Enquirer: 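After the structure tokens below, expect a handful of questions from me.
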2 protein chains.
Amino acid sequence: MSMLQTNSRPYHHGNLRQALLQAAETALEARGATMLSLRELSREVGVSHTSPRRHFADKQALLDALAQSGFQRLDAALAAAAKARARNFSVRLTNLAQAYIEFALKHPALWVLMLEAKHRPGAPRELLDASDAAFSNAPALIRTGQAEGEIVPGDPARLSLTLGAALQGLVSISTEGKFKGVPLEALVPGIVKHVLLGLRPRS
Amino acid sequence: MSMLQTNSRPYHHGNLRQALLQAAETALEARGATMLSLRELSREVGVSHTSPRRHFADKQALLDALAQSGFQRLDAALAAAAKARARNFSVRLTNLAQAYIEFALKHPALWVLMLEAKHRPGAPRELLDASDAAFSNAPALIRTGQAEGEIVPGDPARLSLTLGAALQGLVSISTEGKFKGVPLEALVPGIVKHVLLGLRPRS
DNA sequence: ACCTGAACACCGTTCAAGT
DNA sequence: ACCTGAACACCGTTCAAGT
């Protein structure tokens, strides 16, 4: 009866949306996106299998919401890394890069989900906005670098595309956080150096 | 009866494995990986829903085989692009890059499947081998560049990682083949140039 | 408002059986 | 060898109904 209801789990659950997202993320990292079942999530959260419908139109909507929260957390992590003061520009750039890699390696399944969700035709606007926000951190730092004379002139978005793409690709190319046995974290400084100095010899 | 059998579709189908892979790829690009059903593929190919079992242990095995064939085709496309003769090195590098981008944009759903399959823990060795082969084209070209004095000395694998990652990331970052409205093909020369010359001003 | 239970039309996978 | 049909234990989604 109602006497059994507690504040942490009232009749109307109170937090079903958040509880479902949390359970989904755990299940996602543990068993993969293919194995994720709304019914199973409902069971874990302790609610009937039709309840999620109140908060998510369908399974895809739940996955989109999860991806969106991922982009928001990525944005926060990158912003924090970019804000950290450091003696020279390339160190700050490396810090941003490391934060990016760290996030991807920490939530590998969520990472894949984020990319998929973003690419899907008809992805919700909110999701794309969250993604754009996260990917605006690198251009902002590049702009700072230009002001300091550390970066060639040009459109910051275009210039940071090379760095951002290299980092994004580093994660995609690697398997289990490594490339040819070397952990990605150890590869980041080299990547940043190459992007700054280029592969062509400086006569 | 047996009189109705034709050479193109004998009783034992003859080509069920290939037919399933073809149908799967078509369905994949048309409806997405989530919507892909073995039973539906069986119906399309005209076979009972248990027949795929003869050729693929389970659904994942079929997807892995599809991803593997993707890597093999990517390898062929990249090898062809790298072989094409061109006056100077950076043009050859750009050609390779364009072939890479072209493949990814031509088969977007297959592309995602390939990356996922490769990242999945327990991915079959054959799949990883096919992936490694495809990703060996860039280091090979970098090695050539070093011989011509166009690329700084160093481990070709490490050096080409920056280029390969940048291209891979370019696809991942983009939505519907565009980045901020600009088609990826138009962005490739700039990326290659940045990777060669670097973002830091050349005094 | 928020949640439930029954019902519908699907799945993937297994297994004994057919040619 | 290769394929089939029935059966099992699941899905996602819909809908009328409960508090």
Side-chain angles (χ1 to χ4, degrees), chain A residues 1-24 27-28 30-67 113 116-117 120 122 124, chain B residues 1-24 27-28 30-67 113 116-117 120 122 124:
Chain A
M1 298 300 154
S2 62
M3 296 191 62
L4 292 176
Q5 303 292 348
T6 70
N7 279 337
S8 61
R9 199 210 164 285
Y11 171 65
H12 284 165
H13 194 286
N15 223 359
L16 182 54
R17 192 192 142 92
Q18 207 52 41
L20 284 170
L21 284 175
Q22 177 57 53
L28 180 72
R31 287 184 293 279
T34 318
M35 294 301 154
L36 200 134
S37 138
L38 278 187
R39 289 173 102 111
E40 189 182 6
L41 293 182
S42 303
R43 266 179 254 126
E44 281 176 21
V45 172
V47 100
S48 94
H49 68 269
T50 52
S51 284
R53 200 71 216 294
R54 287 296 130 193
H55 301 93
F56 303 102
D58 54 20
K59 191 180 182 178
Q60 187 61 59
L62 184 145
L63 294 177
D64 283 342
L66 197 54
L113 180 74
E116 269 187 22
R120 212 184 66 258
Chain B
M1 297 298 153
S2 62
M3 296 190 62
L4 291 176
Q5 303 292 349
T6 69
N7 279 336
S8 62
R9 200 209 163 285
Y11 171 64
H12 284 165
H13 194 284
N15 225 358
L16 182 53
R17 191 192 143 93
Q18 208 52 40
L20 284 169
L21 284 175
Q22 177 57 54
L28 180 72
R31 289 184 291 280
T34 319
M35 294 303 154
L36 198 133
S37 136
L38 278 187
R39 288 173 102 112
E40 190 182 4
L41 293 182
S42 303
R43 265 179 253 125
E44 281 175 20
V45 171
V47 100
S48 94
H49 67 269
T50 52
S51 283
R53 200 73 217 294
R54 286 296 130 193
H55 301 93
F56 304 102
D58 54 21
K59 191 180 182 178
Q60 187 60 59
L62 185 146
L63 294 177
D64 283 343
L66 196 54
L113 180 73
E116 270 188 20
R120 212 184 65 257

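By convention in this document, chain letters (A, B, ...) are assigned in the order of the sequence lines, proteins followed by strands, and residues within each chain are numbered from 1. Given the structure is predicted, the values throughout are model-derived calculations rather than measurements.
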Enquirer: In whole angstroms, how far is the P atom of dA1(C) from the CG atom of Leu16(A)?
Expert: 17 Å

Enquirer: Considering only heavy atoms from C-beta outward, does the side chain of Pro52(B) approach that of Ser42(B) to under 4.5 Å?
Expert: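 Counting from C-beta outward, Pro52(B) and Ser42(B) do come under 4.5 Å.
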
Enquirer: For the atom pair CD (Gln22(A)) and CD (Glu44(A)), what is the distance rounded to the nearest 0.5 Å?
Expert: 10.5 Å

Enquirer: Do any side-chain nitrogens or oxygens of Ser51(B) fall under 4.0 Å of OP1 or OP2 in dC3(D)?
Expert: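 For dC3(D), OP1/OP2 do not have a side-chain N/O of Ser51(B) under 4.0 Å.
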
Enquirer: With a 4.5 Å heavy-atom cut-off, do Leu21(A) and Phe56(A) have their side chains touching?
Expert: yes

Enquirer: Provide, to the nearest angstrom, the distance between the CZ atom belonging to Arg17(A) and the C1' atom belonging to dA1(C).
Expert: 16 Å

Enquirer: Quick one, Lys59(B) with Thr34(A), criterion side-chain contact (heavy atoms from CB on, under 4.5 Å). Give me CA distance, side-chain angles, the key distance, then yes/no.
Expert: CA-CA 11 Å; Lys59(B) 191 180 182 178; Thr34(A) 318; 5.7 Å; no

Enquirer: Sub-3.5 Å donor-acceptor pair from the side chain of Arg53(B) to the main-chain atoms of Ala57(B), do we have one?
Expert: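 Yes; at least one donor-acceptor contact below 3.5 Å.
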
Enquirer: Starting at CG of Asn15(A) and ending at P of dC2(C), how long is that distance when rounded to a whole Å?
Expert: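 The distance from CG of Asn15(A) to P of dC2(C) comes to 12 Å, rounded to the nearest Å.
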
Enquirer: Between P on dC11(C) and CG on Leu62(B), what's the gap in Å once rounded to a whole number?
Expert: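 From Leu62(B) CG to dC11(C) P: 15 Å.
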
Enquirer: Can His55(B) and Leu16(B) be said to form a side-chain contact (heavy atoms from CB on, under 4.5 Å), step by step?
Expert: CA-CA 8 Å; His55(B) 301 93; Leu16(B) 182 53; 3.6 Å; yes

Enquirer: Could you tell me the separation between the OG1 atom of Thr50(B) and the CG atom of Leu38(B), rounded to the nearest 0.5 Å?
Expert: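 So the OG1 of Thr50(B) and the CG of Leu38(B) are separated by 11.0 Å.
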
Enquirer: Who passes side-chain hydrogen bond (donor to acceptor under 3.5 Å, both in side chains) against Gln18(B), sequence neighbours left out?
Expert: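 Gln18(B) satisfies side-chain hydrogen bond (donor to acceptor under 3.5 Å, both in side chains) with no other residue.
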
Enquirer: Pull out every stem in DNA chain D, meaning runs of 3 or more consecutive Watson-Crick or G-U wobble pairs with both distances under 3.5 Å.
Expert: C:4-8 with D:12-16, C:12-16 with D:4-8

Enquirer: Distances under 3.5 Å between protein N/O atoms and the N/O atoms of nucleotides 13-16 of chain D, please, pair by pair.
Expert:
from: dT13(D); atom 1: OP2; to: Lys59(A); atom 2: N; distance (Å): 3.2
from: dT13(D); atom 1: O4; to: Arg39(A); atom 2: NH1; distance (Å): 3.3
from: dT13(D); atom 1: O4; to: His49(A); atom 2: NE2; distance (Å): 3.2
from: dT14(D); atom 1: OP2; to: Arg53(A); atom 2: NH1; distance (Å): 2.9
from: dT14(D); atom 1: OP2; to: Arg53(A); atom 2: NH2; distance (Å): 3.2

Enquirer: Rounded to the nearest 0.5 Å, what's the gap from OG on Ser48(A) to CZ on Arg43(A)? Could you check?
Expert: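 Nearest 0.5 Å value for the OG-CZ distance: 11.5 Å.
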
Enquirer: Please determine whether a side-chain nitrogen or oxygen atom of Ser37(A) lies at a distance below 4.0 Å from atom OP1 or OP2 of dC11(D).
Expert: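 So the side-chain polar atoms of Ser37(A) do come within 4.0 Å of the phosphate oxygens OP1 or OP2 of dC11(D), strictly under.
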
Enquirer: What is the distance, rounded to the nearest whole Å, between atom CZ of Phe56(A) and atom C1' of dC3(C)?
Expert: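 Atom-to-atom, Phe56(A) to dC3(C), this comes out as 16 Å.
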
Enquirer: Given atom CG of Leu36(B) and atom C1' of dG12(C), what is their separation to the nearest angstrom?
Expert: 12 Å

Enquirer: In whole angstrom, give the distance that lies between atom CZ of Arg43(A) and atom C1' of dG12(D).
Expert: 13 Å

